[in-house]
A.B. asks: 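Got a structure here, written out as structure tokens. Questions coming.
Nothing here was measured: the structure is a model prediction, and the numbers come from that model. Below, read A as the first sequence line, B as the second, and so on, with proteins coming before strands; counting in each chain starts at 1.
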Protein chains: 2
Amino acid sequence: MLGRLDYVDSPSARSVRAGDRLRVIAPSGPFDVERFHAGVAFLRERYEVVFDDDIVTRTGYLAGDDARRLRELEAALDDPDATGIVCARGGFGATRLLAHLSPDRVRAAPKLLVGFSDVTALHALWARAGVPSLHAPMVAWLGGAEDAAREDLQRALEGARRGFSSLRVLARGTAEGPIVGGNLAVLAALVGTPHAPPIDGAVLLLEEVGEAPYRVDRMLTTLHHAGWLDRVAGVALGDFVRCDPGAHGVRVEEVLEERLGALGVPVVAGLPVGHGDRNEPIHLGARVRVAAPPSP
Amino acid sequence: MLGRLDYVDSPSARSVRAGDRLRVIAPSGPFDVERFHAGVAFLRERYEVVFDDDIVTRTGYLAGDDARRLRELEAALDDPDATGIVCARGGFGATRLLAHLSPDRVRAAPKLLVGFSDVTALHALWARAGVPSLHAPMVAWLGGAEDAAREDLQRALEGARRGFSSLRVLARGTAEGPIVGGNLAVLAALVGTPHAPPIDGAVLLLEEVGEAPYRVDRMLTTLHHAGWLDRVAGVALGDFVRCDPGAHGVRVEEVLEERLGALGVPVVAGLPVGHGDRNEPIHLGARVRVAAPPSP
């Protein structure tokens, strides 16, 4: 039998509707401007899209310095007419802003955050605020995306939810809890800081790109030693892309199975979520049920 | 004026002497056997060297499974006739053993631990135990080392201490404290776990190899957010080797200066310590004085 992950609560009333205002921000790295504008054009077919002119700033590996990116994020949070905040691209940099942001500010005027990868740092802030967010493709990616993927995103923005089936089972069992997480490296970097998401009783979503298997091992070891893996209700694994074996020949799947297979909670793998060809939207903060049945 | 780092306390009575027994262990990754035996031959010119036959085991990126590496380390810790424990090589794997080891066991029969890189995880255990250790080249490297470097190691094993001068000054001031640390990635992976070294009032030693500047930024951001950088007395930077700028052109030196230059504590850089051509021994746990004077 294959595993499943299904939503078990009702969709939050809070979602985006046609005609709503979306704020586009770049809290992390710089992006391809042409693809960005193509993504904005797609969103504008259905929503009002607002972004600062200086969003295209490049400051090394950052989309402008911390002050610019923070100002942009705060303006989006404080915009009373916006219902969503959509990130332009990941990379690195969102984590740097966390010391200047509080869950209270997110909770004061909740908006649907959209992004993944480095934006995992902001999803953690939303999780601390108890506000749902959408782990999904970002604006600069939408520019080159297929129609089906764009439509998936649009439907998810407006509250549509679709579970995942045909998942590989790494460890059996069933569990329910809010789904929390995202990129493993970003999450591991939040361990031991005040900015880590609440993971007690959660279903932990993990995906990764471009990390050697021994590095994935190191990150999972950090989560182990910090007690995260004792406290989660279950684990859901998305894609682990370009996590290729080095000279030692260990595949990342072996590491995941070895480090996560004996936690005593269900672990499913193969969600089409992350840096792979498909990156289906997933509603973080929603209550999900992981079903990882025994083989027939 | 250039900076300095000097030892300010008396050498510990605990050091290795000619004729002493050294236990060689491989707590991390597998190694080149020929170079290992050359390194052992060098050590045997002056010491009794003991190691398990199965030290050459290869289990993927590990020098044998956790049980083998733990057994080997525990046997070394418990050997009443050994005064030093010298690691064969770094890589990855020492961190995995930490959950099975206590500072009490290190303290019960203190031995000088020798290694660096991944062995930073064990130096952290020694620091928690209050037992000095030696951040220095390892056995598989000694096999191919120059005579001067080998002699440096032998002298340091037996208690010789030599400070560092002509250091670059990233932030001015003077500070005293025990020197603690090692590899940045390994330390960042210990943040938020029970296995992190005590860093309050310490001079934090950091070195790195093969990490892009944005990753060094992410790791330092973790240390920032976890409060480590508010609690250290000073920072001493070794080599940052192959931490090359990506397409964005940011050099690792810029990241180090930006993230560490405004802490309000002295920061010196350029210690010949880490993965560079020279890796001079440094006595972790010893009390040092960092002097980072203003430019003339």
A.B. asks: Could you tell me whether the side chain of B/F51 reaches within less than 4.5 Å of the side chain of B/V139, counting heavy atoms only?
C.D. replies: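 When only atoms from C-beta onward are counted, B/F51 and B/V139 do not touch, as no gap falls below 4.5 Å.
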
A.B. asks: Given a strict heavy-atom distance threshold of 4.5 Å, which part of B/T221 is in contact with chain A: side chain, backbone, both, or neither?
C.D. replies: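 When you check distances to chain A, only side chain atoms of B/T221 fall under 4.5 Å.
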
A.B. asks: Show every side chain to side chain donor-acceptor pair (under 3.5 Å) that has at least one partner inside residues 25-35 of chain B, sequence neighbours left out.
C.D. replies: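 Sorted pair list: B/S28-B/D118.
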
A.B. asks: Counting heavy-atom pairs closer than 4.5 Å to chain A, which one of B/R96, B/M219, B/R58, B/R218 comes out on top?
C.D. replies: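 Ranked by heavy-atom pairs under 4.5 Å with chain A, first place is B/R96.
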
A.B. asks: So which of B/E254, B/H224, B/R259 has the biggest tally of heavy-atom pairs under 4.5 Å with chain A?
C.D. replies: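 Heavy-atom pairs under 4.5 Å are most numerous for B/R259.
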
A.B. asks: Got a list of side-chain donor-acceptor pairs under 3.5 Å for residues 204-216 of chain B, not counting sequence neighbours?
C.D. replies:
from	atom 1	to	atom 2	distance (Å)
B/E207	OE1	B/H275	ND1	2.7
B/E207	OE2	B/N183	ND2	3.2
B/E208	OE1	B/N183	ND2	3.1
B/E208	OE2	B/A185	N	2.8
B/E211	OE1	A/R215	NH1	3.2
B/E211	OE2	A/R215	NH1	3.0
B/E211	OE2	A/R215	NH2	3.1
B/R215	NH1	A/E211	OE1	3.2
B/R215	NH1	A/E211	OE2	3.0
B/R215	NH2	A/E211	OE2	3.1

A.B. asks: Does any heavy atom of chain A fall under 4.5 Å from the side chain of B/A188, the backbone, both, or neither of them?
C.D. replies: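 Neither the backbone nor the side chain of B/A188 comes within 4.5 Å of chain A.
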
A.B. asks: Go through the steps to decide whether B/W141 and B/R89 satisfy the test side chain to side chain contact (heavy atoms under 4.5 Å, CB included), and finish with yes or no.
C.D. replies: CA-CA 8 Å; B/W141 177 88; B/R89 194 202 140 221; over 6 Å; no

A.B. asks: Does the side chain of A/T120 reach to within under 4.5 Å of the side chain of A/P197, using non-hydrogen atoms?
C.D. replies: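 The answer is no, as the side chains (C-beta and beyond) never meet within the 4.5 Å cut-off.
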
A.B. asks: Counting heavy-atom pairs under 4.5 Å with chain B, which one of A/V191, A/D217, A/T193 comes out on top?
C.D. replies: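 Greatest number of close heavy-atom pairs with chain B: A/D217.
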
